[in-house]
Amino acid sequence: MSSSQPFASSPISPSHRRPRRSKFTYKNLSTLAHYATNSPLRVIAHIDLDAFYAQCEMVRLDVPADQPLAVQQWQGLIAINYPARAYGLSRHVTITEAKEKCPDIICQHVATWKEGDVSWGYSEDAWKEIASRKVSLDPYRIESRKILAVIKEALPEEKQRVEKASIDEVFLDLSAQVHAVMLERFPELGGPPPYDDPTECLPRPPTTVLDWKADALVDLDASQSEEDDPDWDDIAMLIGSEIVRDVRKKVYEKSRYTCSAGLSKNKMLAKLGSGYQKPNRQTVIRNRAVGHFLSGFKFTKIRNLGGKLGDEVVAAFNTDSVKDLLPVPIEQLKKQLGDDTGSWLYSVLRGEDHSEINPRTQIKSMLSAKSFRPSINTMEVACKWLRIFVADIFGRLVEEGVLEHKRRPKTINLHHRQGQQSRSKQIPIPMGKGITEEVLFDLAKRLLAMFIVDGRAWPCSNLSLSVGGFEDGVVGNKGIGGFLVRGDEARQLQQGGGGGMFGGGGGGGGGGSRGEPKKKRRRIKAGGIPTFFAHRWDGTGEDDGESQREDSMETPPLDEDNNGEGSGMEARNVDPIDELYEHHEDEDKEFPHGPDRDTAEQSTLPPSFQPQTDDTPSTPSVHEANDLPDNNTTTSDDTYQCSRCRQRVPETEKTEHDDFHFAQDLQNERESPPPRPPPPKAVPPTLSKNNKSKGRGRPPGGGAGGGGGVEKGQRRLAFG
DNA sequence: TCGCTTTCC
DNA sequence: TGGGAAAGCGA
């Protein structure tokens, strides 16, 4: 095996005589064919869409290429196209500032969802409704998928390795394709090595001047000169750059997106290269230019050094430049940064990075999140957002073709932020049944209940729901694991299939050990679903999961028919998964609902969805108008009688009291032990620890308007 | 595995 | 700033 980089730190090249042989061996060449990460001929590309979100809007709105445009999210700008940047605009500029500097600019707000919407949509005054809407990046995900498909189409199916690095970036390992092109273009490379010895050097490439077209060529290292004859690594890079130029051309022709690209021998350099010249340019960093290229950078621009680690290094060595760090011996780096980090940094500073291109284009997790300003204070409001998150995520699961591809997430996770404090809870998504909105919503509510039980739920400044741990299904066996339920298939037919984009992929994803003998869950035949599921909390109208998802463009708004049935008050340790199984046996109904469903009254947007202010000590208004309208009374002596347990508690304890019921309901759905309500004038027992600072008596804050019209639906089906 | 942190866009 | 996504770590 040849040493991996025979020339990487080549201090010398004094000979002006043309060597008869290449630096590279036959073996070196052959390593190219199988993407060897240590191949000295490796060709890696990084492709980065220019101001991606902005371009998406330009394409969608069909505006001219020179039209300044920014993408707005609430009061901020999250993407600015290059015409607008010419006016000195950047992110972190306010809308008004942007319009002052560039009167012609289009500030397009991102798509949003609102409660009751069947899908996301673009709304003129979305920015006014931060309190009632959540942004959707779906339009960009969809465009991203299309572009990815075009990129894959542009590459030979058997010789492509594509890693989707983010919504607007991909890495390509072009090694195998380049290898093939080299053999085809230079037949002399195909012959057997002299003496059949693979460590023999290759013949020298022809001396023809390489035509780099419009590529930005990085200057060479000091020890090199353009007059030096090219070797095979230059040829390989040139071929790679032709491929990338073709890919970019096709992306532009098929979808009008421009992108920038970097080519080099590894990911780190390719990535640095794609940002070197923007927009719409590609940069090639040949092996013999690496040193010079890198030495001009601050190392904080290098991947993984842009954050705390970078700061640490700066602090340790009092410099942020690559050049200054180059003389530092590896021992020194190790000593100050630890062995692993030190040696990693040492090689990275020299342009070495052997990380693989991970042939993965499928998603590994999905998240739907919302920051609340001001904070939210009640579980009703939280559940309403959970509803939206679930609809969002479920739609994406379907859209991505998860169901067809027999992939499914294993876990569901809720992140919660209260002030600075951020925590998350995670539970498994039960196997053995199809994933439906109702299942996800139920799990999400359980997670929320866990925070409430912890006692530190309110005021909540951020919620984010995610599913992850995607694992591959058992191919060709729908039955096992219940990857498909009947309703799913029906929905897919309605959808017209959206998942075709993610073809290849390869082994990626879960790989988790399947098939270990999991504890058998008892399946209980049941006709009924506990009344708990009749959304006491979310209240959005239920549908039967099959029909008229499309017809019902408007979701029935919250109802709060809390009739308090089945409220076991005793804290029991019940396995939530067992719970779920026992409740969801009725597979004929995908979205089962409780008997009280038909009596649910539909009101318009409830006060619980009105903007919550941080200052209002957890919300008198909320329950009064909505929650338990038939039973609850808030009397003039500032106490409140709970309809569930008939206890009278101080108004100031109302939230905790309701939270208690909420959490207990989730834990004790099936049990109906004699109610043992929390003692009045005290925090309920399970909340008794960690109950300091419940968010009362907060400083004043303003609320923004809520409500507004329902958006036009997109093509996505959601809850309805 | 879970909960958390870090990094990147 | 806010909404997403991935990966790594320690218990």
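Chain naming here is simple, since letters A, B, ... match the order of the sequence lines and numbering starts at 1 in each.
No salt bridge links D353(A) with K267(A); every basic N to acidic carboxylate O contact stays at or beyond 4.0 Å. Ion pairing between a basic and an acidic side chain is recognised when a charged N comes within 4.0 Å of a carboxylate O; E143(A) and R60(A) show no such pairing.
Residue L77(A) is out of contact with every strand shown, counting any heavy-atom pair closer than 4.0 Å. Residue Q75(A) is out of contact with every strand shown, counting any heavy-atom pair closer than 4.0 Å. Backbone-only contact: L309(A) has heavy atoms under 4.0 Å from sugar-phosphate atoms and none from a base. D168(A) comes within 4.0 angstrom of sugar-phosphate atoms only, judged by non-hydrogen atoms across all strands, and of no base. G307(A) comes within contact range of the sugar-phosphate backbone alone, with a heavy-atom separation under 4.0 Å but no base atom that close. Here L463(A) lies out of heavy-atom contact (under 4.0 Å) with every strand. Residue contacts shown for S368(A) are limited to sugar-phosphate atoms, with no base heavy atom under 4.0 Å away.
Taking atom CD of Q420(A) as the reference point, atom C1' of dC4(B) lies 16 Å away to the nearest angstrom. Between the CD atom of E356(A) and the C1' atom of dA7(C) there is a distance of 15 Å, given to the nearest Å. As a whole-Å value, the separation of Q72(A) CD from dT1(C) P is 17 Å. Atoms CG (L414(A)) and P (dC4(B)) sit 12 Å apart, rounded to a whole Å. Taking atom CG of residue D454(A) and atom C1' of nucleotide dG3(B), one finds them 12 Å apart after rounding to whole Å. Per the geometry, CG belonging to L367(A) stands 15 Å off C1' belonging to dA7(C), to the nearest Å. Nucleotide dG3(C) holds its P atom 7 Å from the CG atom of N462(A), rounded to whole Å. As a whole-Å value, the separation of I130(A) CD1 from dG3(C) P is 7 Å.
Under the side chain to side chain donor-acceptor pair (under 3.5 Å) test applied with T361(A), the options E163(A), K152(A), K164(A) reduce to a single match, K152(A). Among E57(A), Q108(A), H109(A), the one residue that satisfies the side chain to side chain donor-acceptor pair (under 3.5 Å) test with Y122(A) is E57(A).
Contact annotation: K364(A) reaches the phosphate of dA7(C) (side-chain N/O to OP1 or OP2, under 4.0 Å). Proximity of R396(A) to the phosphate of dA5(C): a side-chain N or O atom is located under 4.0 Å from OP1 or OP2. In terms of phosphate contacts, S365(A) brings a side-chain nitrogen or oxygen within less than 4.0 Å of OP1 or OP2 of dA6(C). At the phosphate of dG3(B), neither OP1 nor OP2 sits under 4.0 Å from any side-chain N or O atom of S424(A). When the side-chain nitrogen and oxygen atoms of K301(A) are compared with OP1 and OP2 of dT7(B), none of them lie within a distance under 4.0 Å. In this structure, R141(A) reaches the dG4(C) phosphate: one of its side-chain N or O atoms is under 4.0 Å from OP1 or OP2. Using a 4.0 Å cut-off, some side-chain N or O of K271(A) falls inside it from OP1 or OP2 of dC9(B).
Each of dG3(C), dC4(B), dC2(B) was ranked by its minimum atom distance to the side chain of R423(A); first place goes to dC4(B). Counting only heavy atoms from C-beta on, R91(A) has its side chain closest to dT1(C) among dG4(C), dT1(C), dA5(C). Here dT5(B) is the nucleotide among dG4(C), dT5(B), dG3(B) with the atom lying nearest to any side-chain atom of H415(A). Here the nucleotide nearest the side chain of R360(A), chosen from dC2(B), dG2(C), dA7(C), is dA7(C). Taking only side-chain atoms of S166(A), from C-beta outward, the nucleotide of dC9(B), dA7(C), dG4(C) with the closest atom is dC9(B). When the nucleotides dT1(C), dG2(C), dG4(C) are ranked by their closest atom to the side chain of A369(A), dG4(C) comes out on top. Distance from the side chain of I363(A) is smallest for dA6(C) among the nucleotides dC9(B), dG4(C), dA6(C). When each of dG2(C), dC9(B), dG4(C) is scored by its nearest atom to the side-chain atoms of S371(A), the top-ranked nucleotide is dG2(C). Of all nucleotides listed (dG4(C), dA5(C), dG2(C)), dG2(C) comes nearest to the side chain of R373(A). For Q426(A), the side-chain atoms get nearest to dG3(B) when compared with the rest of dG3(B), dC9(B), dG3(C).
Listed here is the closest heavy atom pair of I167(A) and S144(A): O-OG, 2.7 Å.
Among residues at least two apart or in separate chains, there is no salt bridge (charged side-chain N to carboxylate O under 4.0 Å, His left out) pair with a member in residues 76-93 of chain A.
A cation-pi arrangement is not found for K134(A) relative to F389(A), the charged atom failing to lie both closer than 6.0 Å to the ring centre and inside a 45° cone about the ring normal.
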